[in-house]
Structures are given as structure tokens and as C-alpha cells.
Amino acid sequence: MSLVKTVLYALTAAIVVVMVYGQENDLVTPNCLGCLCEASTQCNASSPCHTPAGGGYYCGAFLISWAYWADAGKPVLKGDNPEAQGAFENCVLDLHCAAVAVRQYMKKFARDCNGDGVVTCTDFVRIHKYGQTGCTAPLSGPFKTQFEECTARLSLF
């Protein structure tokens with residue numbers, strides 16, 4: 001991996017950490033949140049909303065769906081209305097608001113997905129990727145690779 005790419009990954013993770021540091025609900029640590037973001041889109045803050053071939057509608061650096069956002073309590077940007085058209089996109093396309101959505105979703109659905117007896121970042125990443133009912137499935141593909149590379153860089157495990 002080139003030095004520039006490594007520096008960009010570290011910088012992106014650091015930005016996410018700074019944006020969410022000190023928030024309430026530290027169930028999901030800033031480093032875990034950063035790695036979840038890295039696994040989703042390499043934490044590309046300009047990742048647009050899109051509908052993949054398999055269906056669904058996902059937006060932002062964390063690839064959040066409308067249902068996920070709604071389950072998270074429909075967090076919004078200051079001054080926005082959760083029922084207003086575009087409130088979902090406005091939130092999940094903003095790194096800070098999207099991080100709030102992820103934290104609130106995890107607070108609501110936290111569980112031990114891998115059966116090791118504790119709820120850790122690995123469980124949160126599975127919940128994020130597969131949902132609260134599908135999180136027993138192991139991570140795979142590029143998502144798994146990005147997550148593992150990030151956690152290794154940050155010495156999370």
C-alpha cells in the first residue's frame with residue numbers, strides 16, 4: 001500500500017474520530033465507528049445515494065438505508081424535520097449526522113452476534129452490514145478486508 005494511501009486512510013479515520021469524539025452513547029467507540037466507515041465506502045464523505053443491482057437505497061459514507069435511519073430514530077441536521085422530504089439524505093450524507101444514526105442504531109440493536117459472550121466492534125460491524133437479525137453471518141469480501149485492515153492499523157483487537 002502506498003504511503004499516500006495509508007496517510008489518507010489514517011486521516012479519514014482521524015476525521016471521523018474527531019467528529020464523533022465526546023458524543024453521548026460511547027457504546028460504539030470512535031475507532032470502531034471509523035473502521036465501520038472505512039469498510040463501508042473507505043469513508044468517502046462524498047459517496048452519493050444509489051440503488052445497487054440487488055435493490056435498496058443506500059447513502060453516504062456509511063451506506064445507510066432509509067429503514068436503518070428510521071430504526072435509528074430519524075436523526076436530522078439542526079433545524080431539519082425528520083418528516084420533511086430529503087431529511088434522510090441530508091442526515092446520512094453528513095458524516096456527523098450519519099455517525100449519530102449509526103450510534104443510535106447500535107444502542108437500539110446491540111447484541112452478541114459472533115457468540116463470544118461480549119458485544120464488541122465486531123458485533124457492531126456485523127449489525128451494520130447485515131442488520132440486527134442477520135448479524136450472525138460472518139463478514140466477507142471487500143467489506144471484511146477493509147474492516148480488518150482498518151482495525152489492524154488502529155490496533156483495535
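- When all heavy atoms of Ser40 and Ala61 are compared, the closest pair comes out as CB-O, 3.3 Å.
- Taking CZ from Arg153 and SG from Cys35, the interatomic distance works out to 6.5 Å, rounded to the nearest 0.5 Å.
- The backbone N or O of Leu27 lies less than 3.5 Å from no partner atom in the side chain of Arg103, so there is not a single donor-acceptor pair.
- Taken to the nearest 0.5 Å, the CG atom of Asp112 stands 7.5 Å off from the OG1 atom of Thr120.
- At a threshold of 4.5 Å between side-chain heavy atoms, the hydrophobic network of Ile, Leu, Val, Met, Phe, Trp and Tyr places Tyr58 and Val92 in two separate groups.
- What you find for Ser47 and Leu63 is that their closest heavy atoms are OG-CD2, 4.3 Å.
- The closest side-chain heavy-atom distance from Arg111 to Thr136 is below 4.5 Å.
- Closest of all the heavy-atom pairs between Cys43 and Leu95 is SG-CD2, 4.4 Å.
- For Tyr130, there are no side chain to side chain donor-acceptor pair (under 3.5 Å) partners, not counting sequence neighbours.
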Please report the C-alpha distance between Thr29 and Cys121 in whole Å, then the side-chain angles of each, then the deciding distance to 0.1 Å, and finally whether the side-chain contact (heavy atoms from CB on, under 4.5 Å) criterion is met.
CA-CA 8 Å; Thr29 67; Cys121 185; 5.6 Å; no
What do the steps show when you test Phe62 against Leu33 for side-chain contact (heavy atoms from CB on, under 4.5 Å), and what is the final call?
CA-CA 9 Å; Phe62 291 95; Leu33 195 62; 3.9 Å; yes
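- Below 30°, between 30° and 60°, or above 60°: for His128 and Tyr68 the angle between ring planes is above 60°, a perpendicular geometry.
- Scanning both residues, Ala87 and Pro82, for their nearest heavy atoms gives CB-O, 3.9 Å.
- Between Leu36 and Met106 the shortest heavy-atom distance is CD1-CE, 4.5 Å.
- A distance of 11.0 Å separates CZ in Phe143 from CZ in Arg126, rounded to the nearest 0.5 Å.
- Between Gln132 and Cys135, the shortest heavy-atom distance links the atoms O-SG, 3.9 Å.
- Taking NZ of Lys129 as the reference point, atom SG of Cys113 lies at 14.5 Å (rounded to 0.5 Å).
- Hydrophobic clustering of Ile, Leu, Val, Met, Phe, Trp and Tyr side chains at less than 4.5 Å, counting indirect connections, unites Val76 with Val102.
- When hydrophobic residues (I, L, V, M, F, W, Y) are linked wherever their side-chain heavy atoms come within less than 4.5 Å, Leu77 remains an isolated member.
- Less than 2.5 angstrom separates the SG atom of Cys49 from that of Cys59.
- Between the NZ atom in Lys108 and the CG atom in Asp71 there is a gap of 4.5 Å [rounded to 0.5 Å].
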Any chance you could lay out the side-chain contact (heavy atoms from CB on, under 4.5 Å) test for Asp123 and Phe109, step after step, and finish with the verdict?
CA-CA 10 Å; Asp123 300 302; Phe109 296 113; over 6 Å; no
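- Atoms NZ and NE2, on Lys78 and His96 in that order, are 12.0 Å from each other to the nearest 0.5 Å.
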side-chain contact (heavy atoms from CB on, under 4.5 Å) for Phe147 and Glu38? Distances and angles first, verdict last.
CA-CA 7 Å; Phe147 176 69; Glu38 284 288 328; over 6 Å; no
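- At distances below 3.5 Å, at least one donor-acceptor pair connects side-chain atoms of Thr145 with backbone N or O atoms of Gly141.
- In this structure, the side chains of Glu89 and Trp66 stay at 4.5 Å or more apart for every pair of heavy atoms.
- Among pairs with a residue in residues 50-61, none fulfils salt bridge (charged side-chain N to carboxylate O under 4.0 Å, His left out), at least two apart in sequence or across chains.
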